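Protein chains get the first letters and strands the later ones, always in sequence-line order, with residue 1 at the start of each. Note that this is a predicted model, so its numbers are computed, not measured.
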Amino acid sequence: MSGTFVGMPAFPTAAREALADTQLRRNLAHATRTIRDKRAAVVAEVEGWEELRVAGAAVKEAALRDLATHLETLEASLVRAGATVHWARDAEEACAIVAGVARDHGADEVVKVKSMATAEIGLNEALEAEGIAAWETDLAELIVQLGDDLPSHILVPAIHRNRAEVREIFRRRMGDVGRPAPDDLTDEPSMLAGAAREHLRDKFLRAKVAVSGANFAVADTGTLVVVESEGNGRMCLTLPDVLVSVVGIEKVVATWSDLDPMLRLLPRSSTGERMNPYTSTWSGVTPGDGPQEVHVVLLDNGRTRALADDVGRQALRCIRCSACLNVCPVYERVGGHAYGSVYPGPIGAILNPLLNGVSDEQTASLPYASSLCGACFEVCPVRIDIPSVLVDQRAAVVDSHRGDRVPKPEAVVMKAAAWTFSDARRLRWAERASGVAGRVLGRFSRTTLPGGRTAAGRLPGPAAGWTGARDLPAPPPESFREWWDRTDGGHRPDDDQEGRS
Amino acid sequence: MSPAVDLPPAPRAPDRGDLIALFVERVEDYRALVTRCAPDEVGSVVAEVLGSASSVVPPGLGLEVPGSVVDDGWTAAELDAIDAVVTRARVGIAETGTIVLDHAPDQGRRAISLVPDLHVCIVDATQVVADVPDAIALLDPARPTTWISGPSATSDIELDRVEGVHGPRTLHVVLLG
Ligand code: SF4
């Protein structure tokens, strides 16, 4: 598995199902609005936020431009600091390395810090197949894991669950895998967090092996950085004897001082805080303090594929802050599961096709899961131009179908459009036809758009793919060209009101 | 000649007093507790904050804490039986209300400031800097560092903030000077 959930339906199908779930939409609207407002307030506090964004983008861009060199530097400084470095080309290799380390220490369980990279490679399932239990220790990840569920947001993976559901999951499942939830557990968030504290503390205190990711990896000092809130990260990173960190190769920055813009951009963009409660940095092994055996797995899994894409490589600048999810009108309505991947929302819509290619239907549907409104670019702390990459990936999807024996409906429509637009007479004719169609469609319209224009609901035939997820405004009854002819470009009185809407 | 456009005024370097006030405000904003005192009062303030709580201190704290044990490699399970920890810090960041430990002998191993439920952290006012870049410049990347902004917290359930999940549930900053 690499990034997309196995067996997920393509985005439009999943989205339509999600849209029907009003509770989900209410949970999501509340959550995204709350984080959005918090973020806006703390971003407004920073003088020169734009300059900071430019600096953040430059730091990551510089690291990517010379990635091979920086990775070699990183490897050398990690080894110097006492860590063991592994290279993993794909999910399978990475999982095998982690399982190998656990087995070497006779560990049948590991504790985990929330990490997108380990979710992407399906590490928990891989370890389970080896008879090793992987305990998620982030509260939200614990809720997802105990609920046999899938994460729906990068930052708050259980955002689709409300407190009553969380209580139910804890009561039902905690006892199966460790200390059970207390009998008097209510649905108060502080009580639920308390139950998680008790349940996980046993695991922290006895765990021999921990697994983490990293938010940043500093090449010249071999320093890894983990940003978190709950302290579960600190527990995993310092208490066990052995630590394995799975780090995507795009996490590298060149120098220690490059962390400055990143640590200022990330918390404000992510949780809307000036600084997250805990940040841990460490370089290899510190004698007498923390794990005395440290492994770092440098993971490719499609990243060099993305790097080779001139337009798309900027997606590798992503610091997984999730700001783009919270402003996305599409994400806000359908939620994270519809994207079928651990990377949902606007970033998921470009990252998944870039990492995996567009050969499967699910991934190929993602570049279309957007209104191209541009809000994601506006908030992105490292200025990833997501809309441009989306358009480029749509082209990639179309290209991948060029050889098909039965062309996709869009291809047929586009061919017809090209034929029409290439000749003025044909265009005039087409506009007349569309005017007629407009009058007809207007009659059948089921929806009135803001501004009073009518719109059609779902249309039959090849247009169904488009109108299944959108309202189609009825074409105006008169074309611009017809209006120009009739009024001489506005010089003659415009007295024809027939059919105006 | 005046410029064609109005340039924003150059950022004013805050004076020391403003900086410390901002630090206190931002630390308190995280619902951490702050007590300010003169350097020679630190012993009695710390004793008062601890009350009857059992405590562990790092070997290089440089302060007598009556009734406390000095860490000499306690196991996590042993630390779990202790209520509180007293440490110093490396640097405080005013803009974000953050305290950074670099785990020198006056701050101790990472585990001791993590497992006990109350963290009493002594910060000297002279250690407070304006913003993240100043802290980064001061810190040595070869040492492990822990950046602490308020007590442990989660917002994972309906985005309601709850203090204290796995780390210390109470952070008490004793600010000297
Ligand atoms: S694409 Fe930008 S806004 Fe979205 S998660 Fe990544 S860094 Fe954040």
Side-chain angles (χ1 to χ4, degrees), chain A residues 27 30-31 34-35 47-48 81 137-140 143 156-159 161-163 166 189-190 192-194 196-197 200-201 204-206 218 220-223 229-232 234-235 237-239 256-257 259-260 263-264 267 271 273-283 286 288-290, chain B residues 8-9 11 26 29-30 32 73 75-80 93 95-98 100 102-103 108-115 117 131-137 139-169 171:
Chain A
N27 292 354
H30 165 70
T34 310
I35 310 180
E47 231 180 285
T137 62
D138 172 80
L139 179 52
I143 296 167
V156 271
I159 201 161
R161 295 287 200 183
N162 63 31
R163 60 185 75 194
V166 175
S190 59
L192 295 169
R197 180 185 175 97
L200 286 171
R201 191 153 278 235
F204 289 134
L205 296 183
R206 68 166 188 248
V218 182
D220 70 346
T221 61
T223 309
S229 292
E230 297 174 4
N232 63 308
R234 293 177 65 193
M235 290 276 178
L237 298 171
T238 52
L239 297 189
W256 172 254
S257 55
L259 289 177
D260 150 29
L263 287 182
R264 282 194 282 166
T271 48
E273 293 171 295
R274 298 187 184 106
M275 192 58 94
N276 49 290
Y278 296 129
T279 298
S280 299
T281 77
W282 74 100
S283 311
T286 308
D289 183 358
Chain B
R26 296 275 152 103
D29 203 36
Y30 277 115
T75 67
E78 285 165 340
L79 289 171
D80 196 34
I93 305 173
E95 171 69 26
T96 58
T98 304
V100 188
D102 70 0
H103 305 285
R109 292 184 302 141
R110 285 171 279 177
I112 66 164
S113 50
L114 170 63
V115 180
D117 204 16
D131 203 353
V132 172
D134 311 282
I136 297 259
L139 293 166
D140 174 3
R143 306 189 66 87
T145 72
T146 305
W147 302 48
I148 299 172
S149 309
S152 147
T154 184
S155 301
D156 280 347
I157 300 166
E158 295 183 21
L159 295 173
D160 264 6
R161 189 180 170 96
V162 176
E163 261 90 44
V165 192
H166 306 297
R169 281 184 277 201
L171 172 67

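- Heavy-atom distances place the backbone of Arg143(B), and not its side chain, under 4.5 Å from chain A.
- Ranked by heavy-atom pairs under 4.5 Å with chain B, the first of Arg206(A), Arg161(A), Arg201(A) is Arg201(A).
- The greatest number of non-hydrogen atom pairs below 4.5 Å with chain A, out of Val100(B), Asp80(B), Leu79(B), Thr98(B), is found for Asp80(B).
- Heavy-atom pairs under 4.5 Å with chain A were tallied for Gly97(B), Ser113(B), Gly150(B), Ala135(B); the largest tally goes to Ser113(B).
- Among the candidates Thr281(A), Thr271(A), Thr34(A), Leu259(A), the residue making the largest number of heavy-atom pairs closer than 4.5 Å to chain B is Thr281(A).
- Residues meeting the side-chain hydrogen bond (donor to acceptor under 3.5 Å, both in side chains) test with Thr223(A), sequence neighbours left out: Thr221(A), Ser283(A).
- Proximity to chain B involves both the backbone and the side chain of Ala31(A), based on heavy atoms less than 4.5 angstrom apart.
- The choice from Ile143(A), Thr238(A), Asp138(A) that makes the most heavy-atom pairs within less than 4.5 Å of chain B is Thr238(A).
- Contacts between Ala142(B) and chain A at a heavy-atom distance below 4.5 Å involve the backbone alone (N, CA, C, O).
- Heavy-atom pairs under 4.5 Å with chain B were tallied for Val156(A), Val166(A), Ile159(A), Asn27(A); the largest tally goes to Val156(A).
- Between Pro151(B) and Arg169(B) there is no side-chain heavy-atom pair separated by less than 4.5 Å.
- Residue contact with chain A, scored on non-hydrogen atoms closer than 4.5 Å, involves the backbone and the side chain of Leu139(B) alike.
- Only the backbone of Asn276(A) comes within less than 4.5 Å of a heavy atom in chain B; its side chain stays farther off.
- Neither the backbone nor the side chain of Asp102(B) comes within contact range of chain A; no heavy atom of the residue lies under 4.5 Å from a heavy atom of that chain.
- Glu95(B) is not listed as a side-chain neighbour of Arg264(A), based on a closest heavy-atom distance of 4.5 Å or more.
- Side-chain N or O atoms of Arg197(A) include one that pairs as donor or acceptor with a backbone N or O of Val165(B) at under 3.5 Å.
- Considering NE2 of His166(B) and CG of Leu114(B), their distance stands at 10.5 Å, rounded to 0.5 Å.
- Neither the backbone nor the side chain of Thr75(B) comes within contact range of chain A, judged by heavy atoms closer than 4.5 Å.
- Between Ser149(B) and Trp147(B), the side chains place no donor N or O within less than 3.5 Å of an acceptor N or O (distance only, hydrogens not considered).
- Taking 4.5 Å as the limit, every side-chain heavy atom of Met235(A) sits out of range of all side-chain heavy atoms of Leu200(A).
- Judged by distance alone, with hydrogens and angles left aside, the side-chain atoms of Glu230(A) form no donor-acceptor pair with the main-chain N or O of Thr154(B) at under 3.5 Å.
- Heavy atoms of Ser229(A) lying under 4.5 Å from chain B belong to its backbone as well as its side chain.
- Residue pairs meeting the salt bridge (charged side-chain N to carboxylate O under 4.0 Å, His left out) criterion with at least one partner in residues 145-157 of chain B, sequence neighbours excluded, do not occur; the list is empty.
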